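Note: hydrogens, waters and symmetry copies are ignored here, and every other heavy atom, side chains too, is used. Note that the structure is predicted; figures quoted are calculated from it, not measured. Both ligands and their constituent atoms are indexed starting at 1 by order of listing.
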Amino acid sequence: MTIQRFLKFYALLLLISGCGEPRTDLLPVNLRCDFRQNPLGIDDVSPRLTWILQGEGRSRRQIAYQIQVASTQAQLDKDVIDLWDSGKIFTDESANIRYAGASLGSGVMCFWKVRIWDESDQVSEWSKVNHWSVGLLQETDWVAQWIGFDEAWNDRGIEVKPWANQIEKAKQYKPLPSPHLRKEFEVVHEVKSAKVYVTALGVFELYINGQRVGDDYFTPGWTDYGKRVDYNTYEVSALLKKGKNVIAAILADGWYAGNMADRGQYWYGEKLRLKAQMIMEDEAGNRDTIRTDDTWKASYGPIREADLQGGETYDARLEMNGWNQVDYDDKSWSGVEISDSFSVKLGGYPGVPIRKTEEIKPKHIFEISSGKYIVDMGQNFAGWAKIQVNGNPGDSIVMRFAEKLNSDSTLHTRNLRSARCTDTYILKGGGPETWEPRFTYHGYQFIEVSGFPEKLTSENITGIVVHSDLPRTGWFECSDALINRIYSNQLWSQRSNYFDVPTDCPQRDERMGWTGDAQIFMKTAAYNMDVSAFYNKWLVDVVDGQRNGMFPSTAPRVYNRIAAGWGDAGVICPWTFFQAYNDSSILREYYPSMKLWMDYLESKSVNHLSGIGSYGDWQNVKSETPIELITTAYYKHVSDLMAKIATVLDYKPDAQHYNSLSMKIKDAFIQKFVDVATDNTQTADLLALSFDLLPDTLIDSYRARLRNDIWNHDTTLTTGIHGTKFLMPVLGEYDLGLAYQLLNNTKFPSWGHHIENGATTIWERWDSYSDTSGFHKDSTNSLNHYAYGSVGEWFYSTIAGIESDGSGYKHIIIRPQPGGGLTWANAAYNSIRGPIKSSWRIDEGKYHLNISIPANTDATVYIPTSNANSVVESGRLIIDSPDISVISEESGRIVLKVGSGDYSFQSDL
Ligand code: BGC
């Protein structure tokens, strides 16, 4: 071989192996598949793959990526890429890249990694390997049967009247014990992998050899059971052993058969069922399947009652030691019931598991009467309580839960309506006993404990916070304690109400996925937490609830009333999703349903005024906005969004149609509702200003009128949930001082008024409670209702100034707007492209702004200053910085464009 030929050969080798290329320090991290890390059992056969880039320096970019997917980790490590090698794809996109490899069948494992090329075309290291697995895609993949145990049901002896009124239903309520199911089986060869696919009509807890499978609760979650039931998938090989094994489960009512809102028991169905199949594979590739069938045994155990709203009753004397382990004597157990006729679509659970996320110790415990204690957790939240106790067999501890106390220190339970919210534990005796429920939850701050056999101290009782365990993405703090408390309250209300679906409240007999509340709070929610997988699941519920084009007011659909501002969530939520996560496939997937909704709205409209009803500006005070104004305003708003959505999807004729529809609605609105000469409500003006419903010439007059109306109401708001959402964003555009003033208010009605009266969450009504007037007379009075918490988005977007231009944070806007006497604010937001930070402080006439912009994004930064020449970054004049360009100098501020990286600005105010 000549030297030239050798060099050529060597160069070729380097090229093939890639190791000769210079490496960049950028690294793809935080890999996600369909918005989750390493999901198992997904239905999506071309899932969305996403990563963020980690690395030092400024103006860092990705110019290309390569994804490799193999069916085993070993193959991926050895470069045997049997599923997909994307090759080098030139794009700066790093979010929602659809898998486009070999077609994926049921149960396939997919191991994947990604590398990128940076702005200098230097390749990165491969990312860590992540994985996903495909669920059971075909109905025929399911060989398991629906099994259950109906003895108690059969003996129930009560006529079920689902349409009885609330009081009758509460009387009718008859709790049944939870079925326990088990089956022993033999494992012949060492198991290499084992996946269990499991679902229930009701909720389940699954065990293998005595160990709980997974750490999620209320599985398989809440869906429209008539249309679909989700199943969960777990990898369980670590729980199995050669020889004898046992698989076991407990069933409880959950949403399926438990008290459902004010509809009573058995809304979806009556008899609890489990369906599970475990597919085990050994090293040689032999497969064995264990499934629910008539070989299982059933019994009742210590759980005498387990109702989502009513509570749980546990008699520890009835525990069956070792029931979920091998060699338990189940001779006295019964056979199981089989429901072969029940058929429904089964879907791989796409959402976010409900988990225990925090423990809270009591702030205060006192004895209200002999042996009856009140425990104050200091915080309103959703979950339950864990107790530790010593006592005698048969001692019975009763815990009742409530959000607040009456003036005589008894529990305030009127606002729970028919939800009993009571847990009972009956001791077995003989040593310390620890107990907590698992099939019920309560929205509470206070517990009344009676029957506790010893003196109750904080050692004995712990609050367990339970909710959908969404990854936290947003943090905010500023120099004002009241604003920080409002921030904390809305965060707690999200934590308490994101419970597999976005519920309205966690305490009373409602707890439903009200679509209006959900759309109003969604942008705030998406700052606080990563709601992508959560909404990816819930949007299915919304569409499942659609009938003849009509999106429901609650999803899963329970109520039949159709309402503007509620049903419109079917358009608003996918759009909000797209803006936060830049996933156009969500828009494409739901577009046909959105169009049906629009067709319905058009068919009902009269001369382009909306013809559908609404719940109005729910929970407004001192003012009443006409329903028809609200419904027509929303009609215009969703037409605008449809035009934008059709543009994103490149459906040009539709975009034209919705644009022209929007203009016609606007004309009709102007003719019917626009009149500066008459009085209006704050909400009417806010909707008109927010939804582009005014001639340009009247915008200033409307702004002035809104300000006057606020002044005329003693400088307070009068808005319900629809107006409140737009209050800060609209005022912030032209009267920042007034916006801050409303935020800082402590007089009625305001967030501050709630806080002065003890709120640790957002309340349903501005007048829910005050120390002077007591509780609102209506029992529909939740103290944990996130809708007014929609103010949270303003904290991130305006006080701290972190916004996206609608591109899912590919292009970021940093525009803090100091005011209200604040001297500093700090916020961080983990966007789908990586972490963004914005911190500002004002001191001695100087403005300081520190920001972080993630790699592969850029930002427009607004710096307030009276002197453009005073603006420096890390001590250097901005014109000297290669990473910063000046876009414009406007009165009082300078606008800059920066690439990724950390920046530290300073300016003279
Ligand atoms: C819910 C609200 C909901 C409303 C509809 C209430 O009971 O709690 O949040 O939007 O009904 O008007």
* To do: Output yes when Asp544 and Arg557 qualify as a salt bridge under the 4.0 Å nitrogen-oxygen rule, no when they do not.
  => no
min-distance protein heavy atom vs atom 7 (O) of ligand 1 -> Glu510 OE2, 2.8 Å
(message) So is Gln619 touching ligand 1 or not, going by heavy atoms under 4.0 Å?
(response) no
Rounded to the nearest 0.5 angstrom, the OG1-CD distance for Thr524 and Gln490 is 6.0 Å
Would Asp517 count as a polar contact of ligand 1, with the cut-off being nitrogen or oxygen pairs under 3.5 Å?
yes
Taking only non-hydrogen atoms of Glu764 and a 4.0 Å limit, the atoms of ligand 1 in range are 8 (O)
query = Judged by non-hydrogen atoms, does Met512 sit under 4.0 Å from ligand 1?
reply = no
**OP:** Could you tell me if any non-hydrogen atom of Arg508 lies under 4.0 Å from any atom of ligand 1?
**Re:** yes
Residue, atom and distance of the protein heavy atom nearest atom 1 (C) of ligand 1 read Asp504 OD2, 3.4 Å
Could you go through Phe218 and Asp500, starting from their C-alpha distance and side-chain angles, then the distance that decides it, and tell me whether this counts as side chain to side chain contact (heavy atoms under 4.5 Å, CB included)? CA-CA 9 Å; Phe218 303 98; Asp500 203 45; over 6 Å; no
Rounding to 0.5 Å, atoms CG (Leu587) and CD (Glu589) come to a distance of 10.5 Å
heavy-atom search around atom 2 (C) of ligand 1 in the protein gives Trp618 NE1, 3.5 Å
Less than 3.5 Å between some nitrogen or oxygen of Thr780 and one of ligand 1, yes or no? no
Does the Asp224 side chain pair with the main chain of Pro556, one donor and one acceptor, at a distance under 3.5 Å? no
Filtering Trp514, Tyr559, Tyr786 for the heavy atom nearest atom 5 (C) of ligand 1 leaves Trp514
When rounded to the nearest 0.5 Å, the distance separating CD1 of Ile464 from NE2 of His442 is 12.0 Å
Heavy-atom nearest pair, Tyr266 first then Lys174, reads OH-O, 4.2 Å
